[in-house]
Amino acid sequence: MPQEDKTIFTPRDEHTDDRYDAQRIEQKWIARWQSDPSLYAAEAHPTKPKYYVLEMLPYPSGALHMGHVRNYSIGDALARYMWMNGYNVLHPMGWDSFGLPAENAAIKNNTPPKEWTLGNIAAMKAQMKRLGFGYDWSREVTTCLPDYYRWNQWFFLKFYEAGLAYRKKSKVNWCPQCATVLANEQVVGGMCWRHEDTPVEQRELEQWFLRITKYADELLRDLEKLQGWPEKVRVMQQNWIGRSAGTLVDFDLGGTVGPAGSTITVFTTRIDTIFGATSVQLAPEHPIVRDLVVRNHELRAQVENLIAEQRRAKEAGDIGNIEKHGVFTGRYAKNPFTGEAVPVWVANYILMDYGTGAIMSVPAHDERDYEFAQKYNLEIRVVILPASSDPEETMAEPELPFTTMDGILVNSGEFSGLSCADAIAAMSARAAEKGFGKATVTFRLKDWGISRQRYWGTPIPMVYCDKDGLVPVPEKDLPVILPDNVPVTLAGGSPLAGVPSFLNTTCPKCGGPARRETDTMDTFVDSSWYFYRYTDAQNDKAPFDSAKAAYWFPIDQYIGGVEHAILHLIYSRFWTKFMRDIGLVKNEEPVARLFTQGMVIKDGAKMSKSIGNIVSPDEMVERYGADATRLYSLFAAPPDRDLDWQESGIEGIQRFLGRVYRFFLRNPVNRDVNAPTAPLSPAARAIQRKLHQTIKRVSDDFQGRWHFNTCISAIMELVNEIYSAEVAIAGGQVPASVILEAQRTIALLLAPMAPFFAHELWEMTGETSNLLKAPWPKYDAALAAEDEIEIPVQINGKLRGLVIVSADATEDQIKQAALADDKVNAAIAGKQIVKVIVVPKKLVNIVSR
RNA sequence: GCGGAUAUGGCGGAACUGGCAGACGCGCUAGGUUCAGGUCCUAGUGAUCGCAAGGUCGUGGAGGUUCGAGUCCUCUUAUCCGCACCA
C-alpha cells in the first residue's frame, strides 16, 4: 500500500460521527417495528409455500439466558432467511408458564405465582423485542392462562373417554424437595431432574396415568421416519422405549402357595438357554415372595433387608453396581422344559418394574447369573456351544459364561443341535402349545404419571362423588379454573385440597355434593401440544382448527436443547399420535426436522450461578448491541456444538460491524447509477467476483449445514476484500453500480443474522422497501468465476511450486505450465518422471524417481 | 458394559465430494494514525533448522490403502453426553 494513500483509511473529522452506534440504530428500528405489529405475521390465506420454524418455548423464569439467545438467534436467522426466499413463514413464541419455580418464588417473595409468572413473561418478552426476534405475537401462547389450559383439560377428557387416562395406585417417584410426584422421565440417575442432589423416593400413591405404552411400538417404529432428527436423539428415544422381545415361561411351585398364585412367570429373551436354568430368582418386592416367606421370621427379615438394600442402591443411583446378594426361600419350582425342580431365590439385583420381576437363572450363559451362582455355589450347566469353538475342548475347560447368540444348543433334549435363533422360535412355540408360556414383548417405557401434588398447574377435570364415584367434568363446564389466592407451601399434599371453594362441587351426574380432583397436571402436558395451538391461537371452540393444523404441520424445523430429547419430544410424539387417532390431525409426527443446539458455556463450564460465570444477555446488548450479541452467538461455534463465550470474541464482531458501517458511510451511492459500459477494472472485477462467491457460500450454508460461523466468515472476507480495494474505490476505479451492488448484497446477507444493522444498511443504500421480504440475492456463477487460477505443483506429493493458469486451461496446458516452472525443473533435475497427475482446476502431482 | 459424539496453532474454529492444512475471528508482535487513552489502518504470526535462499516436521496415537490422507480402512487412546444387573 503506497504511503501517500493512507489518509484514506482515517478520514476522521472530529465533527463527524462515523462510529457504529448500535444503541442508536437498534432503538430506531425497534420503534419502527413496534408500529407495525403485522410485520412478522404469518399469512392467513397464503399463496406461497409454508414454512413452520419453531424454537422450544421458554419457561418464564424471569430473564433470558445466553442459551435462549443462541436458540432464538438460530431460529430467527432461519425464519428471516425463509421469508426472504418467499415462504409463508410461521414463527411464533409462547410461554411454558406452569410449574414449580413459580410456587417457590411465591413462598420466597410472598408473591402469587400468577403475578410472578406474568411479570416474568412481560420482562422476557421485552428482552426478545430488544433482541429483535421476529415473532408473530398475535399467536402468543401462555400455558398458564385458562384459554390454553382448558384444552389440556379437554384433551384429558378425550384420553379418559378413550380409556387412555386411568387412575392407579402404584409405587411412584417422589421428590421431597418438590413435594410432588415425578414421571419416570423426570428421574435422572435416581435424582430429581430439578434437584440434582435430591434422591427420588418411592411412594405408594393413587395417581393419574396416560397410557403412552399403547403407542410404544409405534413410537419406536416411527423413529425410522425421523430422518431429519439427530441420530443421537433417535437413539436416546429408542433406548428409553427399550423394546425387548422374549418369552414368558411359567415355573410351577407345586400346590397352593398363597393369594399371589402358585406359579412364577419369568421373562426371558433367551429361552434357548432354559435347559441350563438352575434356579429362579425373584425381585424382593415380587408379590409371591410374601407368600413364600410368610411362615419364616428369619427369611422375612432377610427379604426385608434385600428390599432395603435395593432401595438404597436405587436412591443412590447405583443399582447397576449393587453387590449381588440373595436368599434361598427353601422352595422349588418346576422348569417346564426339563421337568426338574430348581431352587427359588430372592435376589437384590432383580427389579420388580422390569419384565415380570422374576427370572430364570442360567449361570453358564449370563454374566449376572454366573456371578450369582459362583457366590452361592449354584449349579452351572452349559447348554450352548459357541459356533466358533472346538466342542471337546470347550466342554472340557469352558471359559464361562458364553453369552453369544452365535452358537448351537447342547444338553437341551430334543432341541439340541438347533441354532440359538431357531431354538428361540421353536421353544417359544412349544411353550405356547403346551400352555406354559408365550412369546411377548416388554418395554422399558412405562405409562406417563401426570398427577402432581402442586398448585401451579392445570386442574385435572375429574370429580369424586360418593354416589357415582369418579365422574369427568362435562366438556361444557370447562375450563375448571385454577383459583387465585391459594396459600402455597411445600408442606406436601395438594394445595388445592385446602381450598374449599375449589374442592367442593356438585356431581355432574347426580347433582349431589362431590369433591374435585385436587392434583394438577404435569407441565409436560402443556408442552406436548402447544405448537398446534400456534396455528389457531385464538380459537375458543376447539384447541385448534384441524384444517389450519393440516396446513402448517408438521413443523418444518424445530430447534432446542438436547435436554428435551426424551421428555418433551417423546410426549409430543405420543400426543400427536393420539390426536391423529381422534381425528384431530393428519400428520403422524409433529416434527419433521429437529435441531439440537449446543450449550453456551464460559471458561469451559456450563454457566451457573454457583460457579459465577453467567453472562447476561442484557449486559451484552447494552455494551455491544443486539446485533453483535446475536452475530457472535452464531459466529463463535457451529450451532450444534458447545459455545465457549469469550468477551474478546464479541468485540471482534463489533469491530467487523464498524468496518462495514464505515464502508457504507465513506461510499454513499446514487441508486440510479447505470451499469458501466466499459469493461470493469481489475479491482472492480475482484469485488464483484468475491461478492458472488460470498452469496453462494452464505446461501449454501443456510440451506445445508447451518454453519452460520462460516457464513459470517465469508461476509468478513468479502468486507476485507473491499477494504483492500479501498484505494481503487477512492480513485474512482470501481463503478458506483458495483459499490451499490456490494452494499445491497451485504445488507441482504446480514439480514437474517443481524437484522437491525442490516435494515440500517439497507436504508443507507437508499432503499425504502421492507428488507424482511426483500428477495435473497442471486448467485451468478459467471460473475463468481475466476479468470486465472493458481495451481499447486507437487513432486511426489510435496508442494514444490505454484503456477498460474487461465481458469479454463486444459489438462495439457496445466501440465505444460507445471513442467515449465523453474522451481519445479530445479526439483526434478536429474530425475526420471514416472507420471504426471493433473487434476483440473486443483493441482498437479509429478511422480519422479 | 451398551450406544452416540468429539479430538486440527496460544484460543474459538475453517478445510462440505481425498488435492496448497490452519480460512475467519480472538490473542500476540511490529510499524503508522489519533494521541490522555480506547479507537482506526498496515504488516507479521503452526513448530523447527538456517544470516538467507530454502529445508524438515506437523491435524490424539499405531498401522494400512493411494500419485496424494485432517478427510477412506483397521486397531487404539482420551474426553464429553445418554442409557445401564433391562433378564
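In what follows, chains are A, B, ... by sequence order, proteins preceding strands, each numbered from 1.
- Listed pair A:Asn720 / B:A23 fails the phosphate criterion, with no side-chain N or O lying under 4.0 Å from OP1 or OP2.
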Each nucleotide N or O in nucleotides 63-67 of chain B that has a protein N or O under 3.5 Å away: list the pair and distance.
from: B:C67; atom 1: O2'; to: A:Asn845; atom 2: ND2; distance (Å): 3.2
from: B:C67; atom 1: O2; to: A:Asn845; atom 2: ND2; distance (Å): 2.6

Contacts under 3.5 Å, N or O only, protein and nucleotides 55-57 of chain B:
from: B:U56; atom 1: OP1; to: A:Arg800; atom 2: NH2; distance (Å): 3.4
from: B:C57; atom 1: OP2; to: A:Lys798; atom 2: NZ; distance (Å): 3.1

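- With both pairing distances under 3.5 Å, B:C75 is matched to B:G61 as a Watson-Crick or G-U wobble pair.
- Of the side-chain N and O atoms in A:Arg19, none sit less than 4.0 angstrom from OP1 or OP2 of B:C40.
- When the salt bridge (charged side-chain N to carboxylate O under 4.0 Å, His left out) test is applied to A:Arg381, the partners found at least two apart in sequence or on another chain are A:Glu340, A:Glu379.
- Residues passing the salt bridge (charged side-chain N to carboxylate O under 4.0 Å, His left out) test with A:Glu647, sequence neighbours excluded: A:Arg623.
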Quick one: which protein N/O atoms are closer than 3.5 Å to N/O atoms of nucleotides 9-16 of chain B? Pair and distance per line, please.
from: B:C11; atom 1: O2'; to: A:Gln646; atom 2: NE2; distance (Å): 3.2
from: B:G12; atom 1: O2'; to: A:Ala636; atom 2: O; distance (Å): 2.4
from: B:G13; atom 1: O3'; to: A:Asn709; atom 2: ND2; distance (Å): 3.2
from: B:A14; atom 1: OP1; to: A:Asn709; atom 2: ND2; distance (Å): 3.1
from: B:A14; atom 1: OP2; to: A:Arg641; atom 2: NH2; distance (Å): 3.3
from: B:A15; atom 1: OP1; to: A:Arg705; atom 2: NH1; distance (Å): 2.9
from: B:A15; atom 1: OP1; to: A:Arg705; atom 2: NH2; distance (Å): 2.7

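- When both distances must be under 3.5 Å, the Watson-Crick or G-U wobble mate of B:G1 is B:C83.
- Residues satisfying the ring pair (Phe, Tyr, Trp, His ring centres under 6.0 Å) test with A:Phe251, not counting sequence neighbours, are none.
- Sorted pairs that involve residues 821-837 of chain A and meet salt bridge (Lys or Arg N to Asp or Glu O under 4.0 Å), not counting sequence neighbours, are lacking altogether.
- Look at CD1 on A:Ile271: it is 13 Å from C1' on B:A87, rounded to the nearest Å.
- Partners of A:Asp406 according to the salt bridge (charged side-chain N to carboxylate O under 4.0 Å, His left out) rule, which considers only residues two or more places apart in sequence or in another chain, do not exist here.
- For A:Thr269, the side-chain atoms get nearest to B:A87 when compared with the rest of B:U39, B:G19, B:A87.
- For A:Tyr571, the ring pair (Phe, Tyr, Trp, His ring centres under 6.0 Å) test picks out A:Trp448, A:Phe524, with sequence neighbours left out.
- Pair assignment for B:G37 gives none, since no Watson-Crick or G-U wobble pairing has each distance under 3.5 Å.
- A salt bridge links A:Lys375 with A:Glu323: the closest approach of a Lys/Arg side-chain nitrogen to an acidic carboxylate oxygen falls below 4.0 angstrom.
- Side-chain nitrogen and oxygen atoms of A:Arg662 include at least one within less than 4.0 Å of the OP1 or OP2 phosphate oxygen of B:C41.
- Contacts of residues 344-351 of chain A with RNA chain B (heavy atom under 4.0 Å): A:Tyr349, A:Ile350, A:Leu351.
- The base-pairing partner of B:U29, taking Watson-Crick or G-U wobble contacts with both distances under 3.5 Å, is B:A43.
- A salt bridge is defined here as a Lys NZ or Arg NE, NH1 or NH2 lying under 4.0 Å from an Asp or Glu carboxylate O, and A:Arg697 with A:Asp701 fails to meet this definition.
- Residue A:Arg655 places at least one side-chain N or O under 4.0 Å from the OP1 or OP2 atom of B:G27.
- Every residue two or more places apart in sequence or in another chain was checked for a side chain to side chain donor-acceptor pair (under 3.5 Å) with A:Lys438, and none qualifies.
- Within the shown strands, nothing qualifies as a pairing partner of B:G9 under the Watson-Crick or G-U definition with both distances less than 3.5 Å.
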Every protein N/O lying under 3.5 Å from an N/O of nucleotides 2-5 of chain B:
none

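- Taking the six-membered ring where tryptophan is involved, the planes of A:Phe757 and A:Tyr661 are tilted, since the angle between them lies from 30° to 60°.
- If you take CG of A:Leu248 and P of B:A87, they are 13 Å apart, rounded to a whole angstrom.
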Next on the checklist: Could you go through A:Glu185 and A:Trp240, starting from their C-alpha distance and side-chain angles, then the distance that decides it, and tell me whether this counts as side-chain hydrogen bond (donor to acceptor under 3.5 Å, both in side chains)?
Outcome noted: CA-CA 9 Å; A:Glu185 288 78 5; A:Trp240 186 261; 3.0 Å; yes

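- Relative to the ring axis of A:Tyr723, A:Arg659 places its NZ or CZ within 45° and under 6.0 Å from the centre.
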